[in-house]
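Here's the structure, in C-alpha cells; my notes come after.
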2 protein chains.
Amino acid sequence: MRKSNKEQPHSKLRIIPLGGLEQIGLNITAFEYENSIVVVDCGLAFPEDDMLGVDLCIPDVSYLEENIARVKGFVITHGHEDHIGALPYVLQKVNAPLYATKLTMALIDKKLEEHNMQNRIKRKVIAHGQSINLGQFRIEFIKTNHSIVDAAALAIYSPAGIVVHTGDFKVDYTPVYGDAIDLQRFGEIGKKGVLALMCDSTNAEREGFTKSEKTIGRIFDEIFGEHQDNRLIIATFASNVDRVQQIINTSCKYGRKVAVEGRSMVNVIETAADLGYIKIPENTLIDLNDLKNYPDEKTVIITTGSQGESMAALSRMAQNIHKKVTIRPTDTIVFSSTPIPGNEKAVDKVINELESNGAEVIFQDVHVSGHACREEIKLIYSLVKPKYAFPIHGEIRHRHAQARIAKELGYDTEHILMINSGDVLEISDDASKPVIAGRIHTDSVYVDGLGVGDVGSVVLRDRQRLSEDGVVVIALSMERGTNQVLSGPEIISRGFVYVKEADELMDDATEVLERTIEELQGRNVNDWGKIRQALRENLSSYIWQRTKRRPMILPVIMEV
Amino acid sequence: MRKSNKEQPHSKLRIIPLGGLEQIGLNITAFEYENSIVVVDCGLAFPEDDMLGVDLCIPDVSYLEENIARVKGFVITHGHEDHIGALPYVLQKVNAPLYATKLTMALIDKKLEEHNMQNRIKRKVIAHGQSINLGQFRIEFIKTNHSIVDAAALAIYSPAGIVVHTGDFKVDYTPVYGDAIDLQRFGEIGKKGVLALMCDSTNAEREGFTKSEKTIGRIFDEIFGEHQDNRLIIATFASNVDRVQQIINTSCKYGRKVAVEGRSMVNVIETAADLGYIKIPENTLIDLNDLKNYPDEKTVIITTGSQGESMAALSRMAQNIHKKVTIRPTDTIVFSSTPIPGNEKAVDKVINELESNGAEVIFQDVHVSGHACREEIKLIYSLVKPKYAFPIHGEIRHRHAQARIAKELGYDTEHILMINSGDVLEISDDASKPVIAGRIHTDSVYVDGLGVGDVGSVVLRDRQRLSEDGVVVIALSMERGTNQVLSGPEIISRGFVYVKEADELMDDATEVLERTIEELQGRNVNDWGKIRQALRENLSSYIWQRTKRRPMILPVIMEV
C-alpha cells in the first residue's frame, strides 16, 4: 500500500515539484503554506523511446487530489504543451481556478474545448504586472520573453518570503511583439529581498546571450532575397507566433502569398490573430488549394513538421504523400527550428527525403532559442539576488550547469539546492536553510489511447519483449480429469520469424512440445500451471538454442 | 519471382553500389569490367529505430553470389565496422581474397576468428603506395588520414580509365601516427587524367577544414592540467587508436596510471600495440582491479560507451551497476567524441546520470571528426580533377552538399552523378557520359540472433504493432463436425493493459466474443476462417471503441 499523501497544514512554506525535474516536460510545482496550495504550471511530456505505445505522460497529482480542499488554483506561466498540456487530465481530478495571461489562456481554452470541459473550469486572465491573492499567497505576473508571446515569470509572495519563478524565459531587448522582459521589476523585487529563485536552466550550458527573435527576421530577408526564383516552404514551431509574424512580414515585402499548412499551425495563427498578437495584412493569406493560381516563386508555405514528426505536413510532403503539395527541384525548404533532443534522426530523414526530391534545404542558423543562456541567467541572479537557488527546467545536466553558474556568482553549496520531483522542500519563516522534509509519490502517469494510468512498467516490459522478438502462442486442448491431449499442441507466431523460413523450425518446435507433454504425463504431472511452465521453458530454450531469440511464449491450455 | 542478377560480361566499366547510399553503413561497391569484379569495402549498418529487434543489417550480395566466378577479391579501405563489419557474413556466400592495409587486416582477422573463418579466407596485406592486379583491374592503395590509422584511398585502374575512391578520409597535415595523406600522389594521378572521383561526403555540409587529431592532445593537456585533483574517466571510440595514444601520452606526462575498460577498447589497444601502432610506456597500464591501489587523482580510465550504448562500460558506471568502478563527485568524465546521429538521447541520458552522481562532465570540443570538410573536399577535387563526380559516403543530404561543392568548382550537372544503391552505372571506354544501364536488387538483409534474412517487413510490421498495443489471444475449442464450442472463449493479453485495470474490460470482451459465436451459429457459419475473422474484427472494434488501442488479436481455434 502506498502511503497516503494527505497532510496536515504546515506553518512553513513548502515547495513540492510534482514532476519535471527528471523527465522533461512534466512541469508542475505545488507551493504550500498552511491551508493554501497554489500550483504553478501543469505540463505533459512526450514518451521516451522505451515507453512503447504510450501517447503522452502526465504528472501524478494524487497529492493534490488528497489535499484538494486546500488547492486555491493553477497559475500558468506560458502556453507551451510542457506547461499546459496536462491540464485537461489534471483538472478532471483537481478542479480549481486557472490564472494565466491572455494568449496562454486562449490556448488553454482550445484544449478544454477539445475535452468538452470549457464550462466546468473557472478561468481568469491576468495581465503582466497584475497580482492575484490565492489564500496565503499573492502571485504577481512579470513580463518575460520566450519563444511564445505572453510568457510570464511569477513572484510568489508567502509569509516565509518571496520566491521568484522565471518559467521558461529569455532576455529579448527587441522582441517582435510587445515589450522586453521587465528587468526593472526583477530588480525592484530583488531589492525587497528574495527568499529563493527558481530559474530556467535549459540553456545553462551555453555561453553568452540568446539572440533576439528579431535577428531571424533579417535572416528571412536574406533567404527571400537570395531565392527569388524558388517557392519557399518554411517549417517552424506552430506556437512561435513571432516567427510566423516575421515570415508573413518578409513575404509581404517580397510580394509573396502565404499558405498555412498543418492543423496546429492553423489553430495557433487563428488564435493569435483573433487576440491581435499577429497582424496579417489583407490579401496575404491564401488557401492551400489556391497555390496553383500563383507562380511558385510568388508563394510561401508555412508548415508544421519542423521536428520531423512522421504525420506532420512537411513529412508528408517529403514522402510525396501530401495531397496538395508536391516537392519540386525548384523548391527551397527552410527549417526555422533546431531539432529537440531525440528528434535529430527524424529531422534528418525528412531532410534526406527533401534533398532526394532535388529541393534545396536550409536548416542552419534560421532559429534562435527561447531560453536564457549563461549571461542571461547571471543577469537574473544579479537582479533578484535570491538567498537560495533552486535550478529548475531542463535536464539534470542543465540544472547542474546552472548550479555551477550560481557557484561562480558566489553562492555556496548550502544555498544552492538541487531538488528532485517529489521532494518536499520546507522553508521556515526565519528563512533558515531549507530542508527536504519528506517525499511524495510522483511517478508520471502514462496516457495510451483513452487509458490514463492503465499502462505501467509490466505492460511496457511486455511490449519491449514483444517488439524485440515477437510472440509465440502454444495452444492445446486437454480432457478434463484425464489430462489427455485432445488437440494440439499448435504453434502460432507473430513478429518472430518470417513464416516461410520457419516451417522446419516450427515442426521441430512442435516435436519439442510433444516430447514435453509425454514426459510430463510419464511423471503424472497434472498441475496445469506446471504443464504450462514446462511447455514455456522447453520451447523457450529450444528457440534460443536454434535462433538466439527470446520471443514471448504464451501457452494456452483449453480444458474440454 | 525476382529476376536473376546473373549477367553476361560487359566490355564497359560498370560501377554498382550494392548498399550504403541510402542507409549509412552498408558501404560496398562492385567495380566490374568484362570477366572481373572487384568489391570495395563490405560494411554493416546498425538498425534504424523501426527495425525492431534487428541486431544489424548487412548488404544483399546476391549479385555477387550469382556472378561469383568473376569476383576477384574484396579491397578494404579501412577497419571501421561500416566498411568491414559484414565480411564474416558475406564471405560465407562469396569466398574471395581480401586485400587491406596492416591494421585493417588485423581487425578483419579478429572478426574472422570470432566466426571461425580465419582459415578459409585468403588474405593479403597491402602497403600504402602498393598496387595489386585483380583481373582487368589494378588497384593502388593511397595513404589517407581518418579517425582510424592505416586508412587508404584507392586508385582503381580500368580499361575505361582511372576511378579514385577516397574511402572515409580527412586531410591531417600533422597526424599522431604515421604520415599525412599522400596529396602528391593524388596530384600525380590527377595529372594522368582521372575518369571519376568517388569522394567522402560525410562533412560536406561543414565549412572549412577538419582539425588535426593532434589538436586534441593539447586539449587533453589543458584538461589534465585543470583537473589535477580529480580522477579522469575518458570515453572515446575504441577504434580511434591515435586518440588513445594521446590519452596515454598525457597520462604519462602527468604521472597517472591508465586502466582500460570495455571489451572492444581492450581488443583494439592490444591489436594496435602488437602491430606497433600505439606505444605504451612500461608501468603505465594497470588492471582495473588495481585502481584502488592508487590515489584517484593519479589514475585515468579509458572506456567505451561514448555513444551512450546501454551495455557499455560507461553506461554501467553512470547507472551505478558497474562492478569495479563507482562514480564519485570528485570524478571528471570526458566525452572525447560527438554523438553519432541518433545517439543524442542515449548520450544525454548517460551525462544526466553522471551529473546526478555529482561528477563533472566535459563533453564539448574534445573531439575532431575523421571526415573531410568542404575545403578538403575542394582540395581533393582540385588535385584529382576528375571528369565525373560520384559523391559517396554520408547521408543523401551530405552527398547533395558535395554535389553543390562540385558545382561551385565548375562541374555541370552532366558531370555530377547522384547514384543510388543498386544502380548499374556504365561507362564506355571513350569516357562518354556514364549511364545508368540497369538496377539490381539491394535491400539490406537483417541479422537477428542467428537468423540472417529471416526477418523482413512482415515480421517488423508485426513487431511494431505488438510494441504499440500488445497482443490479445482468443482461445476456443470446437467440436469437429458440429462446431459446438466445448471450451472458451478465453482471452489472454500481454502488453495491452495493466491486468488489474482490465478485469471488467476482459469480461465485457468475452461477452462480445460469445455473442459473435452465437450469431455465427445462428447463421450456420461453419468456416473456421470466417469464424476467426469475425472474432478478430468484433473484438478489435470493441477494444478500439473502449480504449482507442489496436492490439494484435490472435484467434486460436482448437479442433477437438
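Throughout, a chain's letter reflects where its sequence line sits, starting with A, and its residues are numbered from 1.
Heavy atoms of A/R550 lying under 4.5 Å from chain B are absent altogether. For A/E479, no part sits under 4.5 Å from any heavy atom of chain B, backbone or side chain. Only the backbone of A/L476 comes within less than 4.5 Å of a heavy atom in chain B; its side chain stays farther off. Looking at A/M418, neither its backbone nor its side chain comes within 4.5 Å of chain B, counting heavy atoms on both sides. For a residue to count as touching a neighbouring chain, one of its non-hydrogen atoms must lie under 4.5 Å from one of that chain's; by this rule A/T547 touches chain B with the backbone only. In this structure, chain B has a heavy atom under 4.5 Å from the side chain of A/F363, while its backbone stays farther away. When heavy atoms are compared at a cutoff of 4.5 Å, A/V473 approaches chain B solely by way of its side chain, counted from C-beta outward.
Ion pairing between A/R549 and B/D454 holds under the 4.0 Å rule for side-chain N and carboxylate O. A salt bridge is absent between B/E408 and B/R404; no separation between the charged side-chain nitrogens and carboxylate oxygens falls under 4.0 Å. Here B/D55 does not pair with A/K548 in a salt bridge; the nearest charged N to carboxylate O distance is not below 4.0 Å.
When each of B/L460, B/D49, B/V455, B/D348 is checked for heavy-atom pairs under 4.5 Å with chain A, B/D348 comes out on top. Of the listed residues A/I492, A/D469, A/L486, A/V556, the one with more heavy-atom pairs under 4.5 angstrom with chain B than any other is A/D469. Put simply, of A/V458, A/I396, A/D462, the one with the most heavy-atom pairs under 4.5 Å next to chain B is A/I396. Most heavy-atom pairs under 4.5 Å with chain A, from the set B/D448, B/N343, B/L554: that is B/D448. For the set B/V54, B/L450, B/L354, the entry with the most heavy-atom pairs within less than 4.5 Å of chain A is B/L450. Of the residues considered (A/E48, A/E205, A/E490), A/E205 shows the highest number of contacts with chain B, using heavy-atom pairs under 4.5 Å. Put simply, of A/S457, A/G488, A/A401, A/S477, the one with the most heavy-atom pairs under 4.5 Å next to chain B is A/S477. Of the listed residues (A/G358, A/S356, A/G456), the greatest number of heavy-atom pairs within a distance under 4.5 Å of chain B belongs to A/S356. Contact count against chain B (heavy-atom pairs under 4.5 Å) is highest for A/H400 among A/Q464, A/R480, A/H400.
Side chain of B/R463 to main chain of A/G495: a donor-acceptor pair is present (N/O by atom type, distance under 3.5 Å, no hydrogens or angles). Between the side chain of B/R399 and the main chain of B/L21, a donor-acceptor pair closer than 3.5 Å is present. Not a single donor-acceptor pair under 3.5 Å links the side chain of B/E395 to the backbone N or O of A/N352. Side chain of B/E355 to backbone of B/E353: no donor-acceptor contact under 3.5 angstrom is found. B/Q307 contributes no side-chain N or O that, together with a main-chain N or O of B/E344, makes up a donor-acceptor pair within less than 3.5 Å.
When side chains are defined from C-beta on, A/V560 does not count as touching B/M558, because their heavy atoms never get closer than 4.5 Å. With a 4.5 Å cut-off on side-chain heavy atoms, A/P489 and A/I517 count as touching.
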